[in-house]
Structure formats: C-alpha cells, structure tokens
Peer 1: 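Let me give you the structure first, and then I'll get to my questions.
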Amino acid sequence: MSRILYLLRHGQTRYNAEQRLQGRCNSDLTARGEAQAIAMGARLREQIAEPARWRVYASPLGRARQTALLVCQQLGIEDKQIIWDERLVELGMGEWEGCRVPDLLEDHPELDISQPDWYLQAPGCEGYLSIQRRAQSWLLDSTVAEHAIVISHGLFGAMLRGAYADLDYVTTWRQELPQDAFFKLSGGRIERMEC
C-alpha cells in the first residue's frame, strides 16, 4: 500500500498577525486561525473516507495542538488518538524567537528577507542539516501509518515536503507556507488542497 499524507500547517496565531517569529515558542490561534483550522478539517472530511481509519500526527507545540484538536473535531476523531511527535515541531529560531520581523530588519539592516532561508541566520538557530534529518527521520519511520494526517508548522512543513519530493535546497525554501490550504503527498507528488 502506498502512503498517503495530508500535511497541514497550524492556523494563524497572534504572533503571525503581529509579524513575530515563533520558532519553538508559542502564541494562541487567533479567531481567524481557529476558522482556518475548522475549514481544513471540513475540507479533509470531504477528501477521506472513514476518518477513524486515519492516524493523526501533530507537533506538540500549542498552536499545532489547538489546530489538531479543531481538525479532529471536524473529522469525528477522538483527541486521545492524536500522536504528539516532537520531530514535527517548528525549527528553533534561537535568539530571534518572539521578535517582530520589522524590528529585526531595523536592528540588522544587512538581513535580506527576500532570501527564503534568511531565518537560518538567527543566532542559535537550528541548522539546516538538523531540520532535514528530522524530516527524513519522520518520513522514513516505518511505524508511521500508511494513511496519515500531519499537523505541523510552516517552515518545517516546507522541509517535510522538500524531503518527500527530494527537492533541492533553494526550491525547498521557496515553497509557500499557507494557513488556508494544505497538501496531499501521495505517489511522490505534492498536491495543494484549497480550503
């Protein structure tokens, strides 16, 4: 049987709305973020037969937890069935976690945020190879179900898709990071699903 993954990013958070980097710190979903999570769950319900036969894996960070719980409510999947997996957490952004992007640009005029991997310049940031290893470890884990719903984060989700499709470094980082859509990974292909 070929593995099918639905990969979701958490809904909008207060930090997203404030243009703050989150990394491994957390802020709660906004009302918009809750609506996005509910919409993703409703869209998934249209896509999959027998949701109870699917396994749900989620980052244990608060914003992903909130999203996973709302998605599972839409699917009729009990909370206790969610597998909280540390490998799915967002990349650590070191000293920049909680900082507003406009403030970083003011304090560091040399930053070029047109470069999609600019986050990796943060002092104490998790390195690319570490992030890539986590993504590959998760994808190659034989205990992960053949039919899985994954709730993670923007940048780590891009890394997971990059590892899945064997994308090069630049293409991996240039992927979009939507909160109003999710991705179906199946047969080596990545398909965007609108909500």
Side-chain angles (χ1 to χ4, degrees), residues 5 7-30 32-33 36-37 57-68 82-141 144 148 150-183 185 190 192:
L5 305 174
L7 177 58
L8 291 64
R9 179 185 180 190
H10 61 78
Q12 183 194 61
T13 67
R14 183 173 49 84
Y15 271 23
N16 292 146
E18 295 172 357
Q19 297 182 54
R20 291 185 186 276
L21 298 179
Q22 291 181 109
R24 302 237 174 109
C25 64
N26 195 55
S27 68
D28 291 334
L29 296 183
T30 61
R32 180 180 182 182
Q36 289 168 332
Y57 299 85
S59 160
L61 296 179
R63 58 198 186 269
R65 278 184 178 271
Q66 283 182 276
T67 301
I82 301 170
I83 299 165
W84 307 106
D85 193 326
E86 287 287 337
R87 293 174 295 181
L88 299 173
V89 300
E90 183 62 290
L91 64 96
M93 293 189 191
E95 294 177 20
W96 289 356
E97 291 193 3
C99 294
R100 290 184 67 246
V101 174
D103 297 337
L104 283 173
L105 292 173
E106 188 175 312
D107 294 343
H108 301 279
E110 74 281 3
L111 276 179
D112 180 4
I113 63 170
S114 68
Q115 297 302 311
D117 63 350
W118 70 272
Y119 308 93
L120 298 182
Q121 295 177 50
C125 181
E126 182 179 9
Y128 174 77
L129 291 178
S130 171
I131 304 161
Q132 186 181 50
R133 275 194 298 271
R134 280 197 292 123
Q136 290 171 338
S137 165
W138 194 88
L139 288 169
L140 295 173
D141 186 340
V144 171
V150 183
I151 296 101
S152 187
H153 304 271
L155 296 172
F156 187 74
M159 184 62 65
L160 204 59
R161 285 180 276 142
Y164 176 81
D166 197 25
L167 302 179
D168 62 63
Y169 180 89
V170 172
T171 305
T172 294
W173 286 110
R174 289 203 184 280
Q175 295 179 91
E176 60 182 324
L177 312 173
Q179 291 174 304
D180 58 355
F182 57 88
F183 298 91
L185 285 59
I190 301 172
R192 180 186 165 112

Peer 1: Under the ring pair (Phe, Tyr, Trp, His ring centres under 6.0 Å) test, which residues partner Phe156, sequence neighbours left out?
Peer 2: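 Listed in chain order: nothing, the list is empty.
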Peer 1: If the condition is side-chain contact (heavy atoms from CB on, under 4.5 Å), which residues does Pro109 pass it with, not counting sequence neighbours?
Peer 2: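 In terms of side-chain contact (heavy atoms from CB on, under 4.5 Å), with neighbours along the sequence ignored, Pro109 is linked to no residue.
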Peer 1: Looking only at heavy atoms, which two atoms of Ser114 and Arg174 are closest? And how far apart?
Peer 2: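 Minimum heavy-atom separation between Ser114 and Arg174: O-NH1, 4.0 Å.
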Peer 1: Could you label the plane-to-plane angle of the Tyr128 and Tyr169 rings as parallel, tilted or perpendicular, counting under 30° as parallel and over 60° as perpendicular?
Peer 2: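 If you compare the ring of Tyr128 with that of Tyr169, the planes turn out perpendicular.
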Peer 1: Which pairs count as salt bridge (Lys or Arg N to Asp or Glu O under 4.0 Å) when at least one residue sits in residues 155-172, sequence neighbours excluded?
Peer 2: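 Listed by first then second residue: nothing to list.
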Peer 1: Rounded to the nearest 0.5 Å, how far does CZ of Arg63 lie from OG of Ser152?
Peer 2: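 Reported to 0.5 Å precision, the distance equals 9.0 Å.
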Peer 1: What residues, two or more places apart in sequence or in another chain, satisfy ring pair (Phe, Tyr, Trp, His ring centres under 6.0 Å) together with Tyr57?
Peer 2: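 Residues passing ring pair (Phe, Tyr, Trp, His ring centres under 6.0 Å) with Tyr57: Trp138.
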Peer 1: If you look only at pairs with a residue in residues 114-133, which of them pass as a salt bridge (Lys or Arg N to Asp or Glu O under 4.0 Å), with sequence neighbours excluded?
Peer 2: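 Listed once each, the pairs are Arg24-Glu126, Glu126-Arg134.
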Peer 1: Can you see which heavy atom on Cys125 is nearest to which on Leu91, and at what distance?
Peer 2: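 Looks like SG-CD1, 4.0 Å.
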Peer 1: Considering residues at least two apart in sequence or located in another chain, which fulfil the side-chain hydrogen bond (donor to acceptor under 3.5 Å, both in side chains) criterion with Gln136?
Peer 2: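 With neighbours one apart ignored, the set is empty.
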Peer 1: Which residue pairs pass the salt bridge (Lys or Arg N to Asp or Glu O under 4.0 Å) test with at least one member in residues 102-116, sequence neighbours excluded?
Peer 2: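 Passing the test, one end in residues 102-116: Arg100-Asp103.
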Peer 1: How about Leu120 and Ile131: do any of their side-chain heavy atoms sit closer than 4.5 Å?
Peer 2: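 Yes, their side chains come closer than 4.5 Å.
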Peer 1: Measure across Trp96 and Gln121 and return the closest heavy-atom pair with its distance rounded to 0.1 Å.
Peer 2: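 It is CH2-C, 3.8 Å.
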Peer 1: Of all residues at least two apart in sequence or in a different chain, which pass the salt bridge (charged side-chain N to carboxylate O under 4.0 Å, His left out) check with Asp180?
Peer 2: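 In terms of salt bridge (charged side-chain N to carboxylate O under 4.0 Å, His left out), with neighbours along the sequence ignored, Asp180 is linked to Arg192.
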Peer 1: Who are the side-chain contact (heavy atoms from CB on, under 4.5 Å) partners of Glu95, not counting sequence neighbours?
Peer 2: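 Counting only residues at least two positions away or on another chain, Glu95 forms a side-chain contact (heavy atoms from CB on, under 4.5 Å) with Pro123.
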Peer 1: Look up atom NE2 in His153 and atom OG1 in Thr67, then write down how far apart they are to the nearest 0.5 Å.
Peer 2: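 Between His153 NE2 and Thr67 OG1, I get 9.0 Å after rounding to 0.5 Å.
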Peer 1: Would you confirm whether Arg20, through its side chain, and Gly98, through its main-chain N or O, come within 3.5 Å as a donor-acceptor pair?
Peer 2: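 A pair under 3.5 Å: yes.
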Peer 1: Show your working on side chain to side chain contact (heavy atoms under 4.5 Å, CB included) between Tyr15 and Asn26 and close with a plain yes or no.
Peer 2: CA-CA 8 Å; Tyr15 271 23; Asn26 195 55; over 6 Å; no
Peer 1: Looking at CG of Leu160 and CG of Leu7, how far apart are the two atoms once the value is rounded to the nearest 0.5 Å?
Peer 2: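 One finds 5.5 Å between CG of Leu160 and CG of Leu7.
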Peer 1: Calculate, to the nearest 0.5 Å, the distance between atoms CG and OH belonging to Leu111 and Tyr119 respectively.
Peer 2: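 It is 11.5 Å, given to the nearest 0.5 Å.
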Peer 1: Name all residues meeting the side-chain contact (heavy atoms from CB on, under 4.5 Å) criterion together with Thr172; count only those two or more places apart in sequence or in a different chain, and write none if there are none.
Peer 2: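 Listed in chain order: Met159, Leu167, Gln175.
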Peer 1: Could you tell me the separation between the SG atom of Cys99 and the CG atom of Leu105, rounded to the nearest 0.5 Å?
Peer 2: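 Those atoms lie 11.5 Å apart.
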Peer 1: Between Asp85 and Val150, is there a side-chain heavy-atom distance shorter than 4.5 Å?
Peer 2: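 No, their side chains stay 4.5 Å or more apart.
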Peer 1: Of all heavy-atom pairs between Val144 and Ala148, which one has the smallest distance, and what is that distance?
Peer 2: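 For Val144 and Ala148, the tightest heavy-atom pair comes out as CG1-CB, 4.5 Å.
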Peer 1: Looking only at heavy atoms, which two atoms of Ile190 and Ala165 are closest? And how far apart?
Peer 2: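 Heavy-atom minimum between the residues: CD1-CB, 3.7 Å.
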Peer 1: Do Leu104 and Leu21 come within less than 4.5 Å of each other through their side chains, counting heavy atoms only?
Peer 2: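 They are in side-chain contact.
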Peer 1: Please identify which of these residues, Asp28, Thr13, Ile151, meets the side chain to side chain contact (heavy atoms under 4.5 Å, CB included) condition with Gln66.
Peer 2: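 Filter result, single survivor: Asp28.
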Peer 1: Looking only at heavy atoms, what is the nearest atom pair of Pro60 and Glu86, with distance?
Peer 2: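 Looks like CG-OE2, 3.4 Å.
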Peer 1: Heavy-atom distance under 4.5 Å between the side chains of Asp141 and Arg87, does that happen here?
Peer 2: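 The answer is yes, as the side chains (C-beta and beyond) meet within the 4.5 Å cut-off.
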Peer 1: By side-chain hydrogen bond (donor to acceptor under 3.5 Å, both in side chains), which residues pair with Glu90, not counting sequence neighbours?
Peer 2: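 Testing Glu90 for side-chain hydrogen bond (donor to acceptor under 3.5 Å, both in side chains), a comparison that skips the adjacent residues, returns none.
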Peer 1: According to side-chain contact (heavy atoms from CB on, under 4.5 Å), who are the partners of Gln179, at least two apart in sequence or on a separate chain?
Peer 2: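 For Gln179 the side-chain contact (heavy atoms from CB on, under 4.5 Å) partners, ignoring immediate neighbours, are Arg9, His10, Gln12, Asn16, Gln36.
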